[in-house]
Amino acid sequence: MCGSRPSRPGPLADRRQGAASNGEHDVCVVGGGPAGASLALRLAELGRRVVVVEKAAFPRSHVGESLAFGVMPLLEVLGLRSAVESAGFLRSSWATVDWASERNRYEVHGGPSLLVDRARFDAILLQAASSLAGVRLYQPARVVRATRVGARWEVALDTGEVVHAKYLAQASGRSRIRVSSQTGALPGTKRAIGPRTLALYAYWRDTADFSVGEQGDTLVEAGREAWYWGAPLPDRTFNATVFVDPGPGGDYEKLLEQSKLLGPRLRNARRLSEIHITDATPFADLVPATSSSIKVGDAGLSIDPLSSQGVQTAIGTALHAALVLNTLMDRPEDTELALDFYRARVRESADFHAAAAADFYLRQAVCDGGDFWRRRVPASKPKASRELPAPSARIARSPHLRFEPVAVAEASHISRRDGLKASGKSYAFVGEEIALAPLLFELDGPMSAFDLVRRWSRRLAPQKALQVLHWAWSEGLIDPERPGP
Ligand SMILES: Cc1cc2nc3c(=O)[nH]c(=O)nc-3n(C[C@H](O)[C@H](O)[C@H](O)COP(=O)(O)OP(=O)(O)OC[C@H]3O[C@@H](n4cnc5c(N)ncnc54)[C@H](O)[C@@H]3O)c2cc1C
């Protein structure tokens, strides 16, 4: 809801020739997954010279096949929506969820999710990026070390080659790269933002078809010692994943047998793949950007897989990172502004996803007091949502609110715009387009909620005005009128 509006840039002067005539690149992107490919694509569109290093030959398999509908506007920004939509992936409009002692079948929020083959999905993105004139791709090639030498990075590849770039973008997913630097990227600044969790998964064929309606559903279930996720994939295989505590004792097939949703479906199915084991603990990096480096995608923020929004979040961070790097290069005087913007976005996204997952875990833990669920209950109490003000209730601006210029994402740079700060957060827009400062400025003294909506209705449709009031209230920008002295 705050100042971030990714959009395609207008035509920009081609800066390629002057940018790096000595063969040095502006940015070296380590990793060509969704985050790295999106970052490279956008930077090249902004006229930057980019080198991408990807260790795996594509297509390569990857877990994370269910893409929430929210990925679509981001693919649109990348100019890849129709390429992805016509790639023959599945659409899933329904999820069957067995959680907190209830089984429900939901229509998924916003629009159908895409069930993709990540090998093909990731290849579409990387192919689109590497076909641009400003992008050079080393693949397969693994970054073995990145060293900050003077004002540039020397990036050593396992092929023996060395790549030079002014900025380093770490898009290597959950794997770390070795970095030698005093001021650049800082390894080891990650903190867990959710329960330590391992994922055990495998691909299956010949699963039992349930009732016709449920065939394409994503399945989510809370068990005693695990939680489960399953979905059909475009090649008619089925991904069955079990999320467990780290450590010994997670017998994948035994746990699957205990699943009410997955067990019956897999009883006569054939397991096609080995059982993969991967860390699924959500992490956020405390220093996702410095003046010479940036971490995008899972390298900066790995969210809880419960949300199925990892890919969407990875692409979102890449779109912002492209603007941040472009600002660092074009407007060095705005370096702190751009870095603050990026750090705040990563922190807010981490907080949002951590709170959403915690809420979901808490609902289950209330029904099942076992150790597995108790370990998933957040240490701090979730913030209670405030009851909305009645139309006649007298309201006022929060005393914590200050009108100040704030950082916002524009077409090609991070810029300063009139906005608000409150409780350590910055706000410029609500939704995509509505500038917030002029609206809050109109709340120039205590008034009824009804009167405020009426004032705002001169600028906004009344329904929109009401939505903005509810949002500003839940963010704590608007409070009940304080009694006088
Ligand atoms: C069990 C599980 C289930 C998930 N389910 C979903 C889901 O349903 N939906 C969803 O949206 N998200 C899901 N996610 C999250 C999602 O997979 C990630 O958020 C997403 O892949 C992140 O993209 P990325 O580009 O940051 O990293 P990645 O996709 O991991 O790409 C990183 C790339 O970097 C390359 N690389 C690594 N090290 C080097 C190196 N040294 N040199 C060169 N290249 C290197 C790798 O080969 C890889 O191609 C899930 C995650 C887990 C663990």
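The first residue in the sequence is number 1, and the count goes up from there. Note that ligands are numbered from 1 as they come in the structure, with each ligand's atoms numbered from 1 the same way.
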Visitor: Consider every N or O of D122 and every N or O of ligand 1, then say whether any pair is closer than 3.5 Å.
Guide: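 There is no such contact.
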Visitor: Quick check: do M329 and Y167 have side-chain heavy atoms less than 4.5 Å from each other?
Guide: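 Yes; the side chains approach each other to less than 4.5 Å.
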Visitor: Near V30, which atoms of ligand 1 are under 4.0 Å from a heavy atom of that residue?
Guide: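 So the atoms of ligand 1 that pass are 40 (C), 42 (N).
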Visitor: If we set the cut-off at 4.0 Å for heavy atoms, which region of S172 has an atom near ligand 1: side chain, backbone, both, or neither?
Guide: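 Answer for S172: both.
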Visitor: For F372, is the NZ or CZ atom of R374 found under 6.0 angstrom from the centre of its six-membered ring and inside 45 degrees of the ring axis?
Guide: no
Visitor: Please find the pair of heavy atoms, one from T327 and one from I414, that lie closest to each other, and give the distance.
Guide: OG1-N, 2.8 Å
Visitor: For ligand 1, which atoms sit closer than 4.0 Å to a heavy atom of G297?
Guide: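 With G297 as reference, the close atoms of ligand 1 come out as 26 (O).
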Visitor: Give me the atom names and distance for the closest heavy-atom approach of A202 to R271.
Guide: CB-CD, 3.6 Å
Visitor: Between S307, P140, S66, flag the one that comes closest to atom 8 (O) of ligand 1 by a heavy atom.
Guide: S66
Visitor: G173 heavy atoms, cut-off 4.0 Å: which ligand 1 atoms fall inside?
Guide: 27 (O), 30 (O), 32 (C)
Visitor: Report yes if some N/O of R118 lies less than 3.5 Å from some N/O of ligand 1; otherwise report no.
Guide: yes
Visitor: Indicate yes or no for a side-chain donor-acceptor contact from T147 to the backbone of V149 under 3.5 Å, with no hydrogens or angles considered.
Guide: no
Visitor: What protein heavy atom is closest to atom 34 (O) of ligand 1, reported as residue, atom name and distance in Å?
Guide: G31 CA, 3.3 Å
Visitor: For D368, is there an ion pair with R363 - N to carboxylate O distance below 4.0 angstrom?
Guide: no
Visitor: Kindly identify the option in V63, L126, V29, L39 whose heavy atom sits closest to atom 52 (C) of ligand 1.
Guide: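 Checking each option, the heavy atom nearest atom 52 (C) of ligand 1 is found in V63.
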Visitor: Could you list which atoms of ligand 1 come closer than 4.0 Å to a heavy atom of G33?
Guide: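 Atoms satisfying the 4.0 Å criterion: 25 (O), 31 (O), 33 (C).
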Visitor: Please list, in number order, the atoms of ligand 1 under 4.0 Å from a heavy atom of S175.
Guide: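 Within the 4.0 Å cut-off of S175, ligand 1 contributes 37 (C), 38 (N).
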Visitor: Is any NZ, NE, NH1 or NH2 atom of the basic residue among R267 and E257 found under 4.0 Å from an Asp or Glu carboxylate oxygen of the other?
Guide: no
Visitor: Can you tell which of A280, A37, G36, G64 gets a heavy atom nearest to atom 6 (C) of ligand 1?
Guide: G64
Visitor: Just need the protein heavy atom nearest to atom 15 (C) of ligand 1, so name the residue and atom and give the distance.
Guide: G310 CA, 3.9 Å
Visitor: Counting only heavy atoms not in R331, do more than 12 sit closer than 6.0 Å to its CZ atom?
Guide: yes
Visitor: Would Y361 and D304 count as having a side-chain donor-acceptor pair, cut-off 3.5 Å?
Guide: yes
Visitor: Do ligand 1 and P34 have nitrogen or oxygen atoms that lie under 3.5 Å from each other?
Guide: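 Yes - when backbone and side-chain N and O of P34 are compared with those of ligand 1, one distance drops under 3.5 Å.
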Visitor: Check step by step if side-chain hydrogen bond (donor to acceptor under 3.5 Å, both in side chains) holds for D235 and Y203.
Guide: CA-CA 11 Å; D235 62 357; Y203 297 91; over 6 Å; no
Visitor: Any ion pair linking R152 and D26 (charged N to carboxylate O, less than 4.0 Å)?
Guide: no
Visitor: Using a 4.0 Å cutoff against the non-hydrogen atoms of A171, which atoms of ligand 1 qualify?
Guide: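 Numbered from 1, ligand 1 contributes 32 (C), 33 (C), 34 (O).
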Visitor: May I ask whether D279 places a heavy atom under 4.0 Å from ligand 1?
Guide: yes
Visitor: Return the residue, atom name and 0.1 Å-rounded distance of the protein heavy atom closest to atom 42 (N) of ligand 1.
Guide: V143 N, 2.9 Å
Visitor: Quick check: does D298 get an N/O under 3.5 Å from an N/O on ligand 1?
Guide: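 D298 vs ligand 1: N/O contact under 3.5 Å present.
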Visitor: Among protein heavy atoms, which sits nearest to atom 25 (O) of ligand 1, and what does the distance come to when rounded to 0.1 Å?
Guide: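 The closest one turns out to be A35 N, 2.9 Å.
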Visitor: Regarding E24 and R49, does a basic nitrogen lie under 4.0 Å from an acidic carboxylate oxygen?
Guide: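 No.
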Visitor: Are the charged groups of D285 and K190 less than 4.0 angstrom apart, N to O?
Guide: no
Visitor: Quick test: of every protein heavy atom, which one is nearest to atom 33 (C) of ligand 1, and how far off is it to 0.1 Å?
Guide: E54 OE1, 3.5 Å
Visitor: Tell me if the CG atom of N268 is crowded by more than 12 foreign heavy atoms within 6.0 Å.
Guide: no
Visitor: Under 4.0 Å from a heavy atom of H62: give me the atoms of ligand 1 that qualify, with their elements.
Guide: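 Once the distances to H62 are compared, the set is 17 (O), 21 (O), 28 (P), 29 (O), 30 (O).
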Visitor: If you measure from the Lys or Arg side-chain nitrogens to the Asp or Glu carboxylate oxygens, is any gap between R60 and D122 under 4.0 Å?
Guide: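 Salt bridge flag = yes for D122 with R60.
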Visitor: So which heavy atom in the protein is nearest atom 44 (N) of ligand 1, and how far is it from that ligand atom?
Guide: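 Ranking protein heavy atoms by distance from atom 44 (N) of ligand 1, first comes K55 N, 3.1 Å.
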Visitor: Considering only heavy atoms, does A199 approach ligand 1 within less than 4.0 Å through its side chain, its backbone, both, or neither?
Guide: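 Looking at A199 and ligand 1, just side chain atoms fall under 4.0 Å.
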Visitor: List every atom of ligand 1 that sits less than 4.0 Å from any heavy atom of S308, numbering the atoms from 1 in the order shown and giving each element.
Guide: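 Here the atoms of ligand 1 in question are 7 (C), 8 (O), 9 (N), 10 (C), 11 (O).
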Visitor: Atom 11 (O) of ligand 1: which protein heavy atom is closest, and how many Å away?
Guide: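 Protein heavy atom at minimum distance: V311 N, 2.8 Å.
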Visitor: State if A68 counts as touching ligand 1 under the rule of any non-hydrogen atom under 4.0 Å.
Guide: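 No, that is not the case, since the closest heavy atom of the residue is not under 4.0 Å from the ligand.
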Visitor: Where's the contact between S302 and ligand 1, heavy-atom distance under 4.0 Å: side chain, backbone, both or neither?
Guide: neither
Visitor: Once the angle between the rings of W373 and W99 is folded into 0 to 90°, is it parallel (under 30°), tilted (30 to 60°) or perpendicular (over 60°)?
Guide: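 W373 vs W99 ring planes: perpendicular.
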